[in-house]
**Student:** 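Below you will find the structure I want to go over with you.
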Amino acid sequence: MIKKLKNLIIDKYTIRMRTYISDLKELDDGAQVTIKGWVQETRKIKNLMFIILRDNTGTIQVTAKKDKMNNYDQLYDITRESVISIYGTLNKKSISKAGMEILGIEIEILSIAETPLPLGVIDRVSADLDTRLNNRFLDLRKPENLLIFQFESQLLFGIREFMNRENFIEVHTPKIVAAATEGGADLFKVEYFEKNAYLNQSPQLYKEILISSGFDKVFEVGPAFRAEKENTVRHLNEFTSIDMEAAFIDDKKAMEYLEEAISYAVNRTVDLMQSRLEKNGYNVKKLETPFPRITYEKAMEYLNKKGLKLNFGDDFSPEANKILAEKFLGFYFITGWPADMRPFYTHPDTNPSITKSFDLQLNDIEVTSGAQRIHNYKMLEDNFIKKGLNKNNFEFYEKAFKYGMPPHAGWGLGLDRLVMNLLGLNNVRESTLFPRDRTRLSP
RNA sequence: GCCCCGAUAGUGUAGCGGCCUAUCAUACAGGCCUGUCGAGCCUGUGACACGGGUUCAAAUCCCGUUCGGGGCGCCA
């Protein structure tokens, strides 16, 4: 059957003005339209057939009648997920459930899908995430999955709009670097002609150099790479990071930029997409600022009251984060982390055992880490020694502190984690188009 | 790096020593059907990850391999 269809080719492609499915409701009954998209399903009754056609704005029923069309027989054999173009009449008095349909006049078959599909787009049986990711091109045809990335796009647009309004400059720093950013051994090694190089784990050092350059406020949206052998639902080896750094501000101001950026972007996106989000089972609530704040020490006391046995300097386990999430719900800051737990560039507080640092949590997941940074050259050198780092590896960075470096602060926000948590997804792989994890390198 | 768990048609599953010539759903193929909308009805195709072992007998038990899932550590 497929062979039979393949013989009718497809080199004839009539360009007509295309209407998106979601725009059909604006048109009058009886309008002549052309819609293009994927055949989501067919229901066939010999001389009458119904096609549910899908584009990235929605679905519409197309009714095809044998006696009203010249290529009905070809169409009758169409497979699910084939791509077609339909010229027909809009019927807004349809008895179909949507109350609207297209009565087909001429239909062009543009691409025929093989059968059976490796993954059903609307099948009633669910598929494992692994199967879905192996067939991601099909998985992303599901409207609820497409919507994740439309949501992410709008969210990021909102953040960019906010940052631009605040006079931040969007920058792009190298992802191939000579040395470890933060001294860890968790980088991917790459060949760089006759030298060794690494994929950058964070734009941190470059953001700070630009502060010394007088850019004043910078942000970057880009990939970050971590060669950690994680195996969890919230870790990836390549993820998208939104990084910000600003001169002459402290950790408190950095937190304000963060909560304002997120709440502006979320609220704007909810305004735009609320009904579609709800229809697809996503419940995103509008945000109010400021977000709650709790110090590391107060959080530790609270957790110990709840039966944990934490000492100063212990990180919060997933169990601890779940307990905190029950108390706070949504976004909240944990501030004042112990110096031993933070990278070398983190500015100490007046009590030097704690730092002017913060994490932003969304429920039980950390989405942002930030701090005021050290700007004093001597203090930075001391910290290299304290953290056991070889300062020779950081010469390109350290140099920027010798010739005029303002006080500054910033943060890094995990976009995939943010989207995952806002939409209530179970796995960060679902909010990543083509995730790279411990074992997955393809697609 | 450590610890658990899993692998049966395209997809998702039942079966857990002999009732297996392997269940069910969905998908797929063929047929009937001019208003379906989870379309319906009839017919059909299609699977025990790989290698070794135990046993009269292995989808089922054991060992190894490969692939996958989850938790921890760590982090965004």
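Reminder, nothing fancy here: chain letters follow the sequence lines and each chain counts from 1. All values reported here derive from a predicted model rather than from experimental measurement.
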**Student:** Give the nucleotide from the list rC72(B), rU36(B), rC28(B) with an atom nearest to the side chain of F50(A).
**Tutor:**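 Of rC72(B), rU36(B), rC28(B), rU36(B) is nearest to the side chain of F50(A).
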**Student:** Name the closest nucleotide to the T79(A) side chain, picking from rG35(B), rC33(B), rA29(B).
**Tutor:** rA29(B)
**Student:** Is the backbone N or O of D340(A) less than 3.5 Å from a side-chain atom of R342(A), with the two atoms forming a donor-acceptor pair by type?
**Tutor:** no
**Student:** For L236(A), which contact category applies under a 4.0 Å heavy-atom criterion: base, sugar-phosphate, or nothing?
**Tutor:** base
**Student:** Tell me, please, which residues at least two apart from Y397(A) pass side-chain hydrogen bond (donor to acceptor under 3.5 Å, both in side chains).
**Tutor:** E208(A)
**Student:** Only one of V39(A), I112(A), L110(A) passes side chain to side chain contact (heavy atoms under 4.5 Å, CB included) with I84(A); say which it is.
**Tutor:**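 Exactly one candidate clears the test, V39(A).
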**Student:** Side-chain donor or acceptor of K65(A) under 3.5 Å from a matching atom on the base of rG35(B)?
**Tutor:**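 For K65(A), whose side chain was compared with the base of rG35(B), there is a donor-acceptor pair (under 3.5 Å).
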**Student:** Could one point to a donor on the side chain of R440(A) or the base of rC67(B) with an acceptor on the other under 3.5 Å away?
**Tutor:**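 No.
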**Student:** Students often get this wrong, so: under 4.0 angstrom with heavy atoms, is N421(A) touching a base, only sugar-phosphate, or nothing?
**Tutor:**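 Answer is nothing: N421(A) stays at 4.0 Å or more from every strand.
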**Student:** Whole angstroms only, please: what is the CZ-C1' distance between R342(A) and rA76(B)?
**Tutor:** 11 Å
**Student:** Just to be sure I understand the rule, does D67(A) reach a base, reach only the sugar-phosphate, or reach nothing, if contact means heavy atoms closer than 4.0 Å?
**Tutor:** base
**Student:** Quick one: side chain to side chain contact (heavy atoms under 4.5 Å, CB included) partners of D139(A), sequence neighbours excluded?
**Tutor:**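 If we apply the side chain to side chain contact (heavy atoms under 4.5 Å, CB included) test to D139(A), skipping adjacent residues, the hits are L119(A), R132(A), R136(A), K142(A), N145(A).
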**Student:** Taking only residues two or more places apart in sequence, or in another chain, which ones meet P174(A) in a side chain to side chain contact (heavy atoms under 4.5 Å, CB included)?
**Tutor:**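 Residues passing side chain to side chain contact (heavy atoms under 4.5 Å, CB included) with P174(A): Y206(A).
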**Student:** Per the atom types in the model, does the base of rG69(B) pair as donor or acceptor with the side chain of D130(A) at under 3.5 Å?
**Tutor:** no
**Student:** Roughly how far apart, to the nearest Å, are rC62(B) and rU23(B) at atom P?
**Tutor:**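 To the nearest whole Å, 25 Å.
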**Student:** Any chance the rings of F168(A) and Y257(A) have centres within less than 6.0 Å?
**Tutor:**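 Yes, ring centres under 6.0 Å apart.
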**Student:** Check every strand shown and say whether V428(A) touches a base, only sugar-phosphate, or nothing at a heavy-atom separation below 4.0 Å.
**Tutor:** nothing
**Student:** So for atom NZ, which belongs to K306(A), do other residues, nucleotides or ligands contribute more than 12 heavy atoms lying within a distance under 6.0 Å?
**Tutor:** no
**Student:** What does the B/S/- profile of nucleotides 38-50 of chain B look like, 5' to 3', with a 4.0 Å heavy-atom cutoff to protein?
**Tutor:** BB-----------
**Student:** Taking only the side-chain heavy atoms of T439(A) (C-beta and beyond), determine which of rG68(B), rU11(B), rG35(B) contains the nearest atom.
**Tutor:** rG68(B)
**Student:** Please measure how far the P atom in rG10(B) lies from the corresponding atom in rG73(B), and state the result in whole Å.
**Tutor:** 40 Å
**Student:** Using Watson-Crick pairs (N1 to N3, plus N6-O4 or O6-N4) and G-U wobble pairs, both distances under 3.5 Å, which stems of at least 3 pairs involve RNA chain B?
**Tutor:** B:1-7 with B:66-72, B:10-12 with B:24-26, B:28-32 with B:40-44, B:49-53 with B:61-65
**Student:** Which value, in whole Å, describes the distance between the C1' atoms of nucleotides rC2(B) and rA58(B)?
**Tutor:** 33 Å
**Student:** Could you tell me how far apart L441(A) (CG) and rC67(B) (C1') are, to the nearest whole angstrom?
**Tutor:**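 Computing the L441(A):CG to rC67(B):C1' distance gives 15 Å.
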**Student:** Is there a donor N/O on one and an acceptor N/O on the other, under 3.5 Å, for the side chain of E101(A) and the base of rG35(B)?
**Tutor:** yes
**Student:** Looking at S369(A), does any N or O in its side chain come under 4.0 Å of the phosphate oxygens OP1/OP2 on rA76(B)?
**Tutor:**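 Yes, S369(A) has a side-chain N/O under 4.0 Å of OP1/OP2 on rA76(B).
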**Student:** Nearest-Å distance, CG (L117(A)) to P (rC28(B))?
**Tutor:** 7 Å
**Student:** So what does D416(A) touch, heavy atoms closer than 4.0 Å: a base, only the sugar-phosphate, or nothing?
**Tutor:**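 It contacts nothing in the nucleic acid.
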**Student:** Okay, side chain of R417(A), backbone of R234(A): is any donor-acceptor separation there less than 3.5 Å?
**Tutor:**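 Here the side-chain-to-backbone pair exists.
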**Student:** Determine all donor-acceptor pairs shorter than 3.5 Å in which one atom belongs to a side chain in residues 309-323 of chain A; sequence neighbours excluded.
**Tutor:**
unit_1	atom_1	unit_2	atom_2	d
D314(A)	OD2	N311(A)	N	2.8
S317(A)	OG	E319(A)	N	3.4
S317(A)	OG	A320(A)	N	3.2

**Student:** D123(A) has a side chain; which of rG70(B), rA27(B), rG35(B) sits nearest to it?
**Tutor:**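 Closest of the options to the side chain of D123(A): rA27(B).
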**Student:** Nearest to the side chain of T131(A), which nucleotide is it out of rA76(B), rG71(B), rG12(B)?
**Tutor:** rG12(B)
**Student:** Counting side-chain heavy atoms from C-beta on, which of rC32(B), rC74(B), rC28(B) comes nearest to H235(A)?
**Tutor:** rC74(B)
**Student:** Once you apply a heavy-atom cut-off of 4.0 Å, does Y76(A) come out as touching a base, just sugar-phosphate, or nothing?
**Tutor:**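 The residue Y76(A) makes base contact.
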**Student:** Between D130(A) and R440(A), is there a side-chain N and carboxylate O pair less than 4.0 Å apart?
**Tutor:** yes
**Student:** How far does the C1' atom of rU8(B) sit from the matching atom of rG46(B), given to the nearest Å?
**Tutor:**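 One C1' to the other, the span is 13 Å.
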**Student:** Given rG10(B), rC75(B), rU36(B), identify the nucleotide with an atom nearest to the side chain of Q61(A).
**Tutor:** rU36(B)
**Student:** Would F239(A) count as stacking on rA76(B) if stacking means ring centres less than 5.5 angstrom apart and planes tilted under 30 degrees?
**Tutor:**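 Taking the rule of under 5.5 Å and under 30°, the ring of F239(A) does stack on rA76(B).
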**Student:** Under 3.5 Å, is there a donor-acceptor pair between the side chain of D437(A) and the main chain of T439(A)?
**Tutor:**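 Such a contact is found between D437(A) side chain and T439(A) backbone.
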**Student:** Quote, to the nearest angstrom, the C1' distance that separates rU21(B) from rA27(B).
**Tutor:** 24 Å
**Student:** Can you check the distance between rA14(B) and rA47(B), where both ends of the measurement are the C1' atom (answer in whole Å)?
**Tutor:** 13 Å
**Student:** Using a 4.0 Å heavy-atom cut-off, does R80(A) contact any base of the nucleic acid, only the sugar-phosphate backbone, or nothing at all?
**Tutor:** sugar-phosphate
**Student:** Between E228(A) (CD) and rA76(B) (P), how many Å, whole number?
**Tutor:** 9 Å
**Student:** Counting only heavy atoms not in E166(A), do more than 12 fall under 6.0 Å of its CD?
**Tutor:** yes
